[in-house]
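One structure is given here, and the rest of the page talks about it.
Here the structure is a predicted model, which means the values were calculated and not measured. Side chains are part of it too, since the values below use all heavy atoms of this structure and drop only hydrogens, waters and symmetry mates. To find a chain, count down the sequence lines: A is the first, B the second, and so on, and within it residues start at 1.
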2 protein chains.
Amino acid sequence: MSVTIEDIAKEARVSVATVSRVINNSKAVSPELKKRVNDVIEKRNFKPNSLARGLIMKRTNIIGIIVPDISNPVFGALTRGINSFCQQKGYTLMVCESGGHQEKEVELLGVLADKKVDGVLFAGVDVNSALVEEMKSMRYPIVLVTQEASNGEEVIHTVIHDNVKALYDAVSFLIENGHQRIALIGGPENDYSSGQKRLKGYKQALEEQKIEVLDSYIEHGDFSFESGYECMRKIYEENSVLPTAVMVCNDAMAIGAIRFLKTSKVSVPADISIMGFDDLEFGRYFSPELTTVRISYFDEGLRAIKTLFKLIQEQSVPMTQFIPHKIIRRISVKKI
Amino acid sequence: MSVTIEDIAKEARVSVATVSRVINNSKAVSPELKKRVNDVIEKRNFKPNSLARGLIMKRTNIIGIIVPDISNPVFGALTRGINSFCQQKGYTLMVCESGGHQEKEVELLGVLADKKVDGVLFAGVDVNSALVEEMKSMRYPIVLVTQEASNGEEVIHTVIHDNVKALYDAVSFLIENGHQRIALIGGPENDYSSGQKRLKGYKQALEEQKIEVLDSYIEHGDFSFESGYECMRKIYEENSVLPTAVMVCNDAMAIGAIRFLKTSKVSVPADISIMGFDDLEFGRYFSPELTTVRISYFDEGLRAIKTLFKLIQEQSVPMTQFIPHKIIRRISVKKI
DNA sequence: TTGTAAGCGTTATCAC
DNA sequence: GTGATAACGCTTACAA
């Protein structure tokens, strides 16, 4: 078996309480004993059992995170941001994947409760009332990241980029560049923050400029390359008057859309401009280089975990925090 | 506080032992009591404390994984494969990032020991003797995935794709397509499996066909887009006779290399063919569509976690297992 | 300052 | 079949 605090106590000829005090610096211990204990600890390479410790302290130094899919670069970057802070603070990260299914999300919330995590970061698709209730019933703090609750109530702390504003800015940018016929390839309709909110920003920008919003210019994909291709095809085939620009709600779909246009001998950006969202690394190496909206998911994760730590320490934090976005001008959008 | 086994016992008017038996199905309990206990458990929504359980059972149902960078799609896919199996088996995954630094890797091995994980999956860069020793000293089973130990000893179980053979096959494919002047953009020289082994496969294929291996045709990148660009630039500038094909050791660098060639008005594949490695999704949407070597990292992760489970259950498994690779023919390689 | 002993919430070993 | 009770390895009153 592993070496225990008792072994250390015996070998250092002190009580287990003293060893514990030395480990935790919890109470004064005479320098002499302290050294004796530390020497033995070093020598035997003793590490306190974190289960026993967690059992009594009700703190495990484990943070849970729930994401739809860890192989998605967006959630990868998010997780990396989170992990960077956790490691520095001596915490470890338990990663759970929900596939974006609400049932699974609820289940995972329970799994993490079982594991006695100190807090949870939650990235989902649609945080509706049922899910919010579920979250409120958990006895660990939760921070929503990447999306807000869809019931309009601000009861769970949230770190997010402003999707409405981001799309508004992006579409306004297209308008400033002379575009009037602007189509949208958006996210799933049931995706509150990345679907509905972005759609809202798109409409806002158009309406503000008195540009008509055309249903035939709006398609909903699922953020995959394939769906970008498919949505672009529909817009292309179902409109006799083509848009001069397409706002695509993530880079992967933007690449898919461009792929379709290339196949159809439509030149980007000469004939149609394409704007993406996220600013994944490959967009810079794509041809044409992708104009996009940069979201730093690393920073978003970082802010979220910092917020969670404050919550764990029972400090007060604003209910909602926004991460800035930035228009990245490259080649795929042309001024007309 | 949370409801405990004792609360359940009281409410069901039985002993804690009986409740425990019901929970674990460990010993026969009369149907009558069983029902009474289960009803109370249901009603109070009781979940046994996994820390207390872990403390006594010496099993936590937690698996650790150490990867260089979780935002790298390769490790993302790997992790997803692992997680898919873990979830199904009621295990959770603790994800640690090493940045590929050996010191950090050793530290994380210790962190996971602290957390009493039941086993660890390790994806690193150079698993040398020191690291192997460290691993052997851990009291949980470890499976190397994505790379083998670099000291030649097969003492840690390993799940990997055959890098030598994969490169051999890829370069042979180029040769079959008429290429003789084949350059290589490889991985870091200190990366045993993905660097040295792939280089070896490249050389083997050339030598077998009596094609001279030219130093000026070999560059080492770090698997990033940028380094692919940079390596391609060097090859382009430092050779008066250009290669007709470049074997690039991952897709990201391949895209970077193509980017450089485009910038230099060299057409791919008309002037130079480019072959990638990994088969990340975007390669299919890139233009020209990327010819590459497909590795299913999802499957690799899956096989690795299955192996680890066998080890945990003390079943015997082969020391090294190979995951198949496959040449994916697309546009970026031309027959000449 | 130090030690003794009572938990923390389980499982497992005994008796009955 | 069922129930006390002793672990598991630690922290923390409470005493000394």
Could you state the [atom1]-[atom2] distance from [X] to [N], rounded to the nearest angstrom?
X      : N      : atom1 : atom2 : answer
A:L51  : C:dC8  : CG    : P     : 18 Å
B:K115 : D:dG9  : NZ    : P     : 17 Å
B:I5   : D:dA6  : CD1   : P     : 17 Å
A:I56  : D:dG9  : CD1   : P     : 14 Å
B:R13  : D:dA4  : CZ    : C1'   : 19 Å
A:E6   : C:dA5  : CD    : P     : 13 Å
B:D114 : D:dC10 : CG    : P     : 10 Å
A:F46  : D:dG9  : CZ    : P     : 10 Å

Salt-bridge test for [X] and [Y]: reply yes if a basic N is under 4.0 Å from a carboxylate O, no otherwise.
X      : Y      : answer
B:E300 : B:R303 : no
B:E11  : B:K43  : yes
B:K197 : B:E148 : yes

Using only side-chain N and O atoms of [X], determine if any of them is under 4.0 Å from OP1 or OP2 of [N].
X     : N     : result
B:N49 : C:dC8 : no
B:S30 : D:dT2 : yes
B:K47 : C:dG9 : no
A:T4  : D:dG9 : no

5'-most contact on DNA chain C: B:K27 or A:A28, nearest heavy atom basis?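 Closest to the 5' end, via its nearest nucleotide, is A:A28.
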
Please pick, from [options], the nucleotide with the shortest atom-to-atom distance to any side-chain atom of [X].
X     : options               : answer
B:A52 : D:dG3, C:dA12, C:dT10 : C:dT10
A:P48 : C:dT10, D:dC10, C:dG3 : D:dC10
B:S20 : C:dT11, C:dG9, D:dG3  : C:dT11
B:R21 : C:dT2, C:dT11, D:dG3  : D:dG3
B:M57 : D:dC10, D:dT2, C:dT11 : C:dT11
B:T18 : D:dT2, C:dC8, D:dT5   : D:dT2

Closest-nucleotide ordering on DNA chain D, the 5'-leading residue of B:V29 and A:V19: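 Comparing both residues, the 5'-ward one is B:V29.
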
Are A:F75 and A:Y297 close enough that their ring centres sit under 6.0 Å apart?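 No: the rings miss the under 6.0 Å criterion.
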
Is the centre of the B:F85 ring less than 6.0 Å from the centre of the B:Y91 ring?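 No, the ring of B:F85 stays outside the 6.0 Å limit from the ring of B:Y91, centre to centre.
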
